[in-house]
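Here is the structure we will look at, set down as structure tokens.
Bear in mind the structure is a predicted one, so any value in this text is a computation, not a measurement. Numbers here are sequence positions counted from 1. Every number for a ligand or one of its atoms is a count from 1 in the order of the listing.
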Amino acid sequence: MTDSLRLSELRTEIEQVTLEIISLAGKRTALAKEVAKVKLSSGFPLVNRGVEQNLRKEVTDQCIRDQSDPTFALRLLNELIMESIRNQKNHIKPSEPVSAYHVFVKAREMERSGREVLHLEVGEPDFGPPDAVAESLTKAVKNGHAGYTESSGIHELRAKIAAYENQKHDLDISADQITITVGGRFALYLSLVASIRPGDEVIVIDPSYPAYSDSIREIGGRPIHLSTLLEDNWIPDIGLVEDNINRTTRMIILNSPSNPTGKVLDKFTLDMIVELAVENDIQIVSDEVYSEFASTPHTSMLQYQQCRQVYINSFSKTYGMTGFRLGYAISDIDTTQRITQLQTLTLTSVPEFIQYSGIKALDCGKDADHYTALIEKRRNGFCKQLEKMPVSFHKPDGAFYIFPMLNNEDLNGLGFADQLLTEKGVAVVPGIAYGQEYSRFFRISVCQPEEQLIEAANRMEEILG
Ligand code: PMP
């Protein structure tokens, strides 16, 4: 048989198999719609990890029998499961989106109509950048630093960050392992795009910063939300993490200190997560944008160089530079190159003068220490006031936030936040923004001057009694 005849035969066969797959996928979707109807009428949850786990096992067994690649099959299975979930969600009336941003927009509307609002919803410090940083901007532009730069960022800034992190953690990271990004948020997004393929699973510890799951979903990955509980002091259950790892688990995202709980993960917990990550070849993305605001000993992921990782930090919080949009990612050389390529593709580079302001910021340790002390004082002050109210909370170890639970079971965070905003002009974020299970919680940000925080707590007490 000639090669072209053989090729033509194979193509016909592939066509037939493809059509069979499409037809079976259609049948599966129709069945998923039936499942949705039953679930909706009987109130069963949309996702059942136990059922999924069985299916995953059957798929793996079949791959072993067929001598085919289970990793690809399991990613495909995840695509099918995600399609079923999307179909099922189509039957549910979408609830109004809830996030710090949505509350902020509503609060701004109230302000436009003449109401005064105390903003305890935004995670944006009221202290601006140090004077020296502000001044460095015009200086940089006047000195001709107003152009494009290498996509990874200017060498001087990367070298300075490397020296700063090396000194802090006793490491020898090189400037080539660093990408300067548009805020920590873009570092996070690029890290995900660099490593996640459609159908891959990413473990997210809840309650969590909503950008994690939104970004994972946006690129076709599947966030696997693992809850932590107030009664466990927000410590993740390592057994649960282990049970949720499978061949499609590509990444675990950690955030310590945490937004919204203020929890700092202890070294023992990190040791165990790293051990699981290494054993299963999973990358850890460690979002440490609040690391300078830790009041208890903070262990950085950078101290676990045995583990594949992307470490994320930002100038936003540490130096009050949110609007500068300046952050960075540290990883191995290959991942850094991939992240840098993606930055070339999307925006060439961070503005040059902003990068120069970052160099200046790294000399402003004293200002950063002052900001840290200020936030800690505010957090402690607010916690004291909360102790008199019918709420339960873990005293935060760091970050800008307190995440209390309403003790009254008849109250939920959404209703309370709405009442607090409309009746008392105090904006907080309902807990549901950080995970479905936190409907009785709300998040307080202590980024406003102390007098405003005291006033806000008093108004809160007027509602809660
Ligand atoms: N991670 C967490 C946990 C955050 O709370 C934020 C900002 N709210 C970011 C990352 C991103 O911050 P930025 O992009 O300003 O660096």
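- Applying the ring-ring contact (aromatic ring centres under 6.0 Å, His included) definition to pairs two or more places apart or across chains, those involving residues 352-381 are Phe127-Tyr371, His145-Tyr356.
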Where does ligand 1 get N/O contacts under 3.5 Å from the protein, atom by atom?
residue	atom	partner	partner atom	Å
ligand 1	1 (N)	Asp287	OD1	3.4
ligand 1	1 (N)	Asp287	OD2	2.5
ligand 1	5 (O)	Asn259	ND2	2.8
ligand 1	5 (O)	Tyr290	OH	2.7
ligand 1	8 (N)	Lys317	NZ	3.1
ligand 1	14 (O)	Gly184	N	3.2
ligand 1	14 (O)	Arg185	N	2.9
ligand 1	14 (O)	Arg325	NH2	2.8
ligand 1	15 (O)	Ser316	OG	2.7
ligand 1	15 (O)	Arg325	NH1	2.8
ligand 1	16 (O)	Gly184	N	2.6
ligand 1	16 (O)	Ser314	OG	2.6
ligand 1	16 (O)	Ser316	OG	3.2

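- Taking the six-membered ring wherever Trp is involved, the centroid distance between the rings of Phe315 and Tyr319 falls below 6.0 Å.
- Every pair passing ring-ring contact (aromatic ring centres under 6.0 Å, His included) that includes a residue from residues 442-465 is listed here, sequence neighbours excluded: Phe416-Phe442.
- Centroid-to-centroid, the aromatic rings of Phe400 and Phe293 come within less than 6.0 Å.
- Residues Phe441 and Trp234 place their aromatic rings such that the two centres sit under 6.0 Å apart.
- A search for salt bridge (charged side-chain N to carboxylate O under 4.0 Å, His left out) contacts involving Asp200 returns Arg75, Arg250, not counting sequence neighbours.
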